[in-house]
Protein chains: 2
Amino acid sequence: MNTVSDIQCEAATCRPESGDDCAAHGICALRAFARTDPSVFDRISKQRRLFRRGEILFHAGQPFSYVCAIRSGSVKSYLCSEDGEAQVTGFWFAGELLDLNGIHHDSRACVVEALETTSICELPTDFLQQLFADVPAARLEMLRNMSAQVHGAEELIRVIETKRTDQRLAVFILEMARRATLRGLSDSEVRLTMSHTDLASFLGMARETLSRALSRFDTDGLVRGRGEVILIRDSEALRELARG
Amino acid sequence: MNTVSDIQCEAATCRPESGDDCAAHGICALRAFARTDPSVFDRISKQRRLFRRGEILFHAGQPFSYVCAIRSGSVKSYLCSEDGEAQVTGFWFAGELLDLNGIHHDSRACVVEALETTSICELPTDFLQQLFADVPAARLEMLRNMSAQVHGAEELIRVIETKRTDQRLAVFILEMARRATLRGLSDSEVRLTMSHTDLASFLGMARETLSRALSRFDTDGLVRGRGEVILIRDSEALRELARG
DNA sequence: CGACTCTTTGAATGGAATCAACGGTCGTGG
DNA sequence: CCACGACCGTTGATTCCATTCAAAGAGTCG
C-alpha cells in the first residue's frame, strides 16, 4: 500500500504548524522544545516501528510503557468480550495519539491492529514524565489532548443514543473528512481503510444496516461510491442529516 | 435533603486513604502535599460553594476557570442540542471531578445542574498548573483521572452499542453501587437522585422503556423498589445480565 | 384542593437485527 | 493455471424489540 516515500511524506504532518486541533500538536510542541537538546529529539525520532495490515501494535493488558503516535497509515482499536466478540472502539490516523485511556491502570485498554502499512512513533512514558516536569506547555497539551478524547467519546455517545443509523453514518463521514483535513488531505474525499464489519461494529449497527445506509447515500446523491474511497457530493445535506 | 452536618461528614470522603479508584484521589494527594504549605491548603479548602436542587453550577460555553470536585450531593451534566432537546451526559457524586473534558477548549463542555443540595470544591486552573509544576504525583493523578474518564466513556459506548435495554440498566445499577462503595456506602443500596427522565436520557432509551425495565427487575426479584432508593437483591443475576 | 411534574401501563407502529442466500475478491495450494 | 475456501459486501424476507402515542395514576408544591 504505502511506499517508504509515502511514509516519509506523511510523517511531515507531525509538525508544530499543524494547528491546534492536530492530536500530535502536543508531541510536536515537545519536538520544538527538544531542539535545544538534540539528545532528547533523537530519543523521540528513533523510536519508530512499522506494521503491516493485520499486525497487532499491542494487546489489551500489556504494560503501558509508551504512548503511541501514528506517523502514517491507520489502525483500529477494539475490545474482546468474554464470548469472543470483538467491539471496535476507534480508528486512528496519522498525527493522532493512541490508547491514552490505558494510562489509568498502567496497562493497554484495548487491542490495536494496523489497517494498512502503518508507521508509529513510540514515546516512552518515563520520557514523557520528564518532559512534563520540564515543559509546562507539554503537560497542558497532554491534558488538552486527553480532554479532547473524553469530549469525542461523549460526542459519540450522544450520536449513538439519539441518532438513527443514517444520521450516525453522516456524522462519521463528516468526522472522517474533518480529520482528513487536519492531515492536509481533501475534505470531500474519505478513505475508509477499515472493513464494513469494523465500521458497523464501531457505529453500533449490523453490517447489513451499514451496507443499506451507504447504498441509500449513494443513490440519494449524498456521496459517490461505496468502496474504499467515498466522495462527498452534498456536504450540506450530510450536515443537515447529521444535525438530526 | 442534606443537612450541614451531612455535608461535613461526606466531605471526609475526600481523603487520601479513599483508595486508587476514588476520583478525588488526585486532589487528595495534593492536599496531603499542601500540608507542608498551609496557605495552599487554605486556598483549596476555602473555595467552596453550595447549590440547591435545580441550581446550575455552570453553563456550557462559560470559561473554564476552575476544576470542580464534588464534596457532597450529586449533579447531572447535560448538553442542549439546537432543537432544545437535552441529552444527559453523566451523573457525578461526592468525591468526583467534573467536566474535565472542557479543558481542551478552555470552556465548559456541558451544563451542570445540582440534583440535590450539593457542596463543591473549586480548584482554580492556574493553581492546578502551579501544583502540576511542583508535584509530579499530582499531574500523574490528573492524567489517570482523565484517562479513567475516557475509559468510562468508551465503556459506556460499548454498553450502549451492544446491550439491550435491561442489560444497560443492569450495568448502570452495578456501576452506581460500585461508586457508592467508594464513598463508603452500602454496595446493595442505590440512591437514584436523578429523575427517570434524566436516567432514560443518559441510558439512551425512552422514559417508558426504562420504567418497564425497572418494573421487570422488581417483579423478577433482581432489585426491590422502583423509587428513589433501589435495593439490589440478586447482584449475581444482575452481573450475569450485565455480561450479556 | 388544583396545577404541575413525574411515573406507570397499554396498544400500535416502525426501524433495525436477524436469518438466509448470492456475487465478488483475494490468497493458497494443488 | 485453475480450483477451492475464506472473507467481505449486497440484497431480500422475516422477526422482534423499542419507540411512539395515548391516558391514567402518584407525588409535590403553591
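The sequence lines fix the lettering, A, B, ..., with proteins before strands; numbering per chain opens at 1. Only heavy atoms go into these numbers, but all of them, side chains included; no hydrogens, no water, no symmetry mates.
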Q.
Taking 4.0 Å as the cut-off, does a side-chain nitrogen or oxygen of Thr209(B) come that near to OP1 or OP2 on dC17(D)?
A. no
Q | Separation of dG9(D) P from Glu228(A) CD (nearest whole Å) | A | 11 Å
Q.
So, applying side chain to side chain contact (heavy atoms under 4.5 Å, CB included) with Phe172(A), which one of Leu192(A), Leu156(A), Leu210(A) is it?
A. Leu192(A)
Q) Within the structure, does a side-chain N or O atom of Thr197(A) lie under 4.0 Å from either OP1 or OP2 of dG9(D)? A) yes
Q: Could you check which of dT19(D), dT18(C), dT8(C) has an atom nearest any side-chain atom of Arg164(B)?
A: dT18(C)
Q) Looking at the side chain of Glu208(B), which of dT20(D), dT19(D), dT18(C) is the nearest nucleotide? A) dT20(D)
Q: Take atom CD1 of Ile160(A) and atom P of dA16(C), then tell me their distance rounded to the nearest Å.
A: 14 Å
Q: Verify the contact: side-chain N or O of His196(A) to OP1 or OP2 of dT10(D), cut-off strictly under 4.0 Å; return yes or no.
A: yes
Q.
Strictly below 4.0 Å: does Arg226(B) bring a side-chain N or O up to OP1 or OP2 of dT9(C)?
A. yes
Q. If you check the Met205(B) side chain, which of dG12(D), dT19(D), dT8(C) turns out closest?
A. dT19(D)
Q. How many Å lie between CD on Gln167(A) and P on dG15(C), as a whole number?
A. 12 Å
Q) Touch check for Gly204(B), heavy atoms < 4.0 angstrom, all strands: base, sugar-phosphate only, or nothing? A) sugar-phosphate
Q: Step through the shown structure and confirm whether more than 12 heavy atoms of other residues, nucleotides or ligands are within 6.0 Å of CZ on Arg224(B).
A: no
Q.
Does dA18(D) have its OP1 or OP2 closer than 4.0 Å to a side-chain nitrogen or oxygen of Thr165(B)?
A. yes
Q. OP1 or OP2 of dT9(C) less than 4.0 angstrom from a side-chain nitrogen or oxygen of Ser215(B), does that happen here?
A. yes
Q. Just checking, is any N or O donor in the side chain of Trp92(A) or Ser74(A) under 3.5 Å from an acceptor N or O on the other one?
A. no
Q | Closest-nucleotide 5' rank along DNA chain D - winner of Arg212(A) and Ser195(A) | A | Ser195(A)
Q: Please test Arg239(B) against Leu174(B) for side-chain contact (heavy atoms from CB on, under 4.5 Å), starting from the C-alpha separation and ending with a verdict.
A: CA-CA 8 Å; Arg239(B) 247 176 278 275; Leu174(B) 290 172; 3.9 Å; yes
Q. Rounded to the Å, how far apart are Leu210(A) CG and dA16(C) P?
A. 12 Å
**Q.** Sidechain N-carboxylate O distance under 4.0 Å for Arg216(A), Asp166(A)
**A.** yes
Q. Once you round it to whole Å, what is the distance between C1' of dA17(C) and NZ of Lys163(B)?
A. 17 Å
**Q.** Gap between atoms CG and C1', on Asp218(B) and dT9(C) respectively (whole Å)
**A.** 15 Å
Q.
Could you tell me how far apart Glu161(A) (CD) and dA18(D) (P) are, to the nearest whole angstrom?
A. 14 Å
**Q.** Of the listed nucleotides dA16(C), dT7(C), dA18(D), the one nearest the side chain of Ser211(B)
**A.** dT7(C)
Q) Over how many whole Å does the gap from Ile230(A) atom CD1 to dG9(D) atom C1' extend? A) 13 Å
